[in-house]
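Each remark here refers to the structure printed beneath this line.
So you know, we letter chains A, B, ... as the sequences are listed, proteins then strands, and number each from 1. Since this is a predicted model, take the numbers as computed values, not measurements.
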Number of protein chains: 2
Amino acid sequence: MATIRDVAKLAGVSIATVSRLLNKSGYVNEETKLKVEAAIRKLNYEPNTIARGLAGKKTGTLALVLPDISNPFFPELARAVEDVARTYGYTVLLCNSDNQPDKERGYMQVMRQRYVDGILFVSHTLNARDLESMSEAKIPIVMLDRSPAKVICPVVRSKNGEGAQLAVRHLLEVGCRKIGHIYGPQEMIVAKERVMGYEEAVRSFPWYTPTMMEPGYFTIEGGADAVEKLMSRHPDIDGLFIGNDLMALGALKKLKMLGVSVPDQVAICGFDGIQMAALTEPELTTIVQPIYDIGMMATRILIKKIEGLMEEHPIFEFDVSLAARGTTRTGRG
Amino acid sequence: MATIRDVAKLAGVSIATVSRLLNKSGYVNEETKLKVEAAIRKLNYEPNTIARGLAGKKTGTLALVLPDISNPFFPELARAVEDVARTYGYTVLLCNSDNQPDKERGYMQVMRQRYVDGILFVSHTLNARDLESMSEAKIPIVMLDRSPAKVICPVVRSKNGEGAQLAVRHLLEVGCRKIGHIYGPQEMIVAKERVMGYEEAVRSFPWYTPTMMEPGYFTIEGGADAVEKLMSRHPDIDGLFIGNDLMALGALKKLKMLGVSVPDQVAICGFDGIQMAALTEPELTTIVQPIYDIGMMATRILIKKIEGLMEEHPIFEFDVSLAARGTTRTGRG
DNA sequence: TTCCAATGTGTAACCGGTTACACATGGTGG
DNA sequence: CCACCATGTGTAACCGGTTACACATTGGAA
């Protein structure tokens, strides 16, 4: 592989000149420029990113830290991140944290050691101290999902509370008279916000009691288990708002096994808008998050921060929308 | 951030000694070792991966190049790769190629520029010349899926032909008398092998004609379109072997729309074993590939090659297995 | 005419590691 | 007693870039 010194020698200039041309920094005479470009072409020269990183502290690398890429919510997000990163000349490191603090810390270390330029974080585990350790290292971070409690970095997220209310309103519209909720782990802000949205929407109804809520794990099995408990406690529930699509799919499956007909006996609305939701029978009604857009926006913001084009810590909240499908086509509404 | 020179100074030794200790290369006196370790702890020293990469040409980075992480087949693979990589101290770069040669070439360039230690490739686009350009740069590659036509690097894959035959045999067992096939793009080796397996299994039957095969795009829509064409050409088909699960899901959906009952009128068997296949109603019978294991094995081999522990170019072919589910529960068999 | 800013280029230090090589010491076999 | 090897450590070059700084040259304003 040719180095910058080879290019300089062939073009009869100094390496500083070549570097200036490459980085469009400082002055370079038009003629010189042509000579150097010719040399670059002849030698098939490609600047070495590692050397650049060492000298300039910029490696053109973003890290994407998420709980688990095999959770169907994340691939589309990852895709968006990678697409945007690539168009700006960045490369993406993939990190699965499983929401385990020690894994996350491990990655943080790796990132400092690698001069990662910026980090996209999907996590509810990360605490403020960890974030600070990153800002000491001057590595910009953008959080997805996280609460805006203490804003110390930009946040990109969906309007979870509004989405939950949208879901409940829809269930009411299609004729539900008693609507339960299956919620995810309350350490996760998104889960909590959806619970709050649900309560907000139902608390004025006489039928509502807190026992109409049931916790689950944000997985297919979690949804299946929770729906069974909830339905045995409140057999007369005729509508379910479920905290994410994965749980909703599990619940749908379980209800079928239990001989409960969906949507005739119980209508279901999920949350997220993952692909799989459109494939079941009946198709799952859900609150759709613009996953790709969220990933795009987060990455753009991160790159802006990296390149020093943004000082503030904006918070972007994306609107969600209802995809009304088979699991709420009751014929009662 | 502390550097190796800070550590050396504090410990009262030379940087070479620190480096030797860090890399467990050469001799280090037990007492010296303790002093240096104390200094490392006190300074909170972490060796800089970038500098290491520049000096030693090893960056601890793997690249995973696949068509599209948002295709449900790949997240589990990616997860396996990242898991194994992490346990060996490697980091994974995620690259979506969309099977576009120019994107792939772009990534190749990035990888050379970054001293990526090794590459995992899922591609049917990559040609021999590209591969050679990588081996010139001495970057080990492991291919997933690719044909073993010209073995110039290790290959890890599934027994597609056997899987196809398994599928057809199963369809026959459950009573199908006329089995069609929807296949994926023939540039893709896996698609071709499945076609060949199908033909092998059906060609001795009197009902078989090549018109019982229909091409599709390995997507949900591709499967939906293909099944419609195929069924209008051969309305008496009572079993379908479909080249991948995504297409099978599309076909299932379309048949329902067309009023064809599955599995009563037409039984369906897919290929891959993606999560979603177990969620439909009826659940999709499919040929399951051990996706996670494939990813694990490929990554292990790659790391072995990187670390010089393997010279050969082995070919691993994983067994596939039948997951008999609702779409083939005909009651005819 | 003088001075200064804009333009253009080269030198050399630096980023933070790895490693070849030289050198010292002490024990062992012949 | 000497040669030689295993052990232990330091010096300095090198990896391939970036960039501060010094040093021309040129042209226009004062």
Side-chain angles (χ1 to χ4, degrees), chain A residues 1-37 39-40 43-61 89 109-117 137-138, chain B residues 1-37 39-40 43-61 89 109-117 137-138:
Chain A
M1 292 247 52
T3 73
I4 198 172
R5 287 166 227 271
D6 300 330
V7 173
K9 189 178 293 176
L10 182 60
V13 300
S14 75
I15 58 169
T17 301
V18 179
S19 180
R20 274 190 292 262
L21 176 64
L22 255 28
N23 298 295
K24 305 189 199 317
S25 64
Y27 300 105
V28 177
N29 183 307
E30 192 61 25
E31 261 180 69
T32 317
K33 187 175 158 185
L34 294 177
K35 277 193 302 181
V36 174
E37 281 169 347
I40 287 176
L43 293 173
N44 221 320
Y45 169 72
E46 292 172 357
N48 179 316
T49 310
I50 302 295
R52 247 186 192 166
L54 183 56
K57 309 287 187 219
K58 295 236 146 291
T59 56
T61 313
Q109 185 183 351
V110 167
M111 290 168 210
R112 260 177 283 130
Q113 293 176 168
R114 287 178 180 262
Y115 289 156
V116 162
D117 291 337
K138 306 254 187 223
Chain B
M1 292 247 51
T3 74
I4 197 172
R5 286 167 227 270
D6 300 329
V7 173
K9 189 177 293 176
L10 181 60
V13 300
S14 74
I15 59 170
T17 301
V18 179
S19 179
R20 274 190 292 262
L21 176 63
L22 255 30
N23 298 295
K24 305 188 198 319
S25 65
Y27 300 104
V28 176
N29 183 310
E30 192 60 26
E31 262 180 69
T32 317
K33 186 175 157 184
L34 294 177
K35 277 193 302 183
V36 174
E37 281 169 347
I40 287 177
L43 293 173
N44 222 320
Y45 168 72
E46 291 171 357
N48 179 314
T49 311
I50 302 295
R52 244 182 195 171
L54 183 57
K57 310 287 186 219
K58 293 236 146 292
T59 57
T61 313
Q109 185 183 350
V110 167
M111 290 167 209
R112 261 177 284 130
Q113 295 177 168
R114 288 179 178 260
Y115 289 155
V116 161
D117 291 337
K138 306 253 187 223

Worksheet item: Do you know which two heavy atoms are closest between R114(A) and T59(B), and how far apart they sit?
Response: NH2-O, 3.0 Å
Item to complete: Let me see the working for Y115(A) and N48(B) under side chain to side chain contact (heavy atoms under 4.5 Å, CB included), right down to the final yes or no.
Response: CA-CA 8 Å; Y115(A) 289 156; N48(B) 179 314; 2.8 Å; yes
Worksheet item: Please walk me through it: do K33(A) and E37(A) pass side chain to side chain contact (heavy atoms under 4.5 Å, CB included)?
Response: CA-CA 6 Å; K33(A) 187 175 158 185; E37(A) 281 169 347; 3.4 Å; yes
Practice prompt. With side chain to side chain contact (heavy atoms under 4.5 Å, CB included) as the test, would you mind laying out the steps for V36(B) and V28(B) before giving the verdict?
Written response: CA-CA 10 Å; V36(B) 174; V28(B) 176; over 6 Å; no
Fill in: Nucleotide-resolved protein contact map, nucleotides 3-19 of chain C, B/S/- at heavy-atom distance under 4.0 Å
---SBBBBBB--BBBBB
Practice prompt. Tell me, with the steps shown, if L22(A) and R52(A) meet side chain to side chain contact (heavy atoms under 4.5 Å, CB included).
Written response: CA-CA 11 Å; L22(A) 255 28; R52(A) 247 186 192 166; 4.0 Å; yes
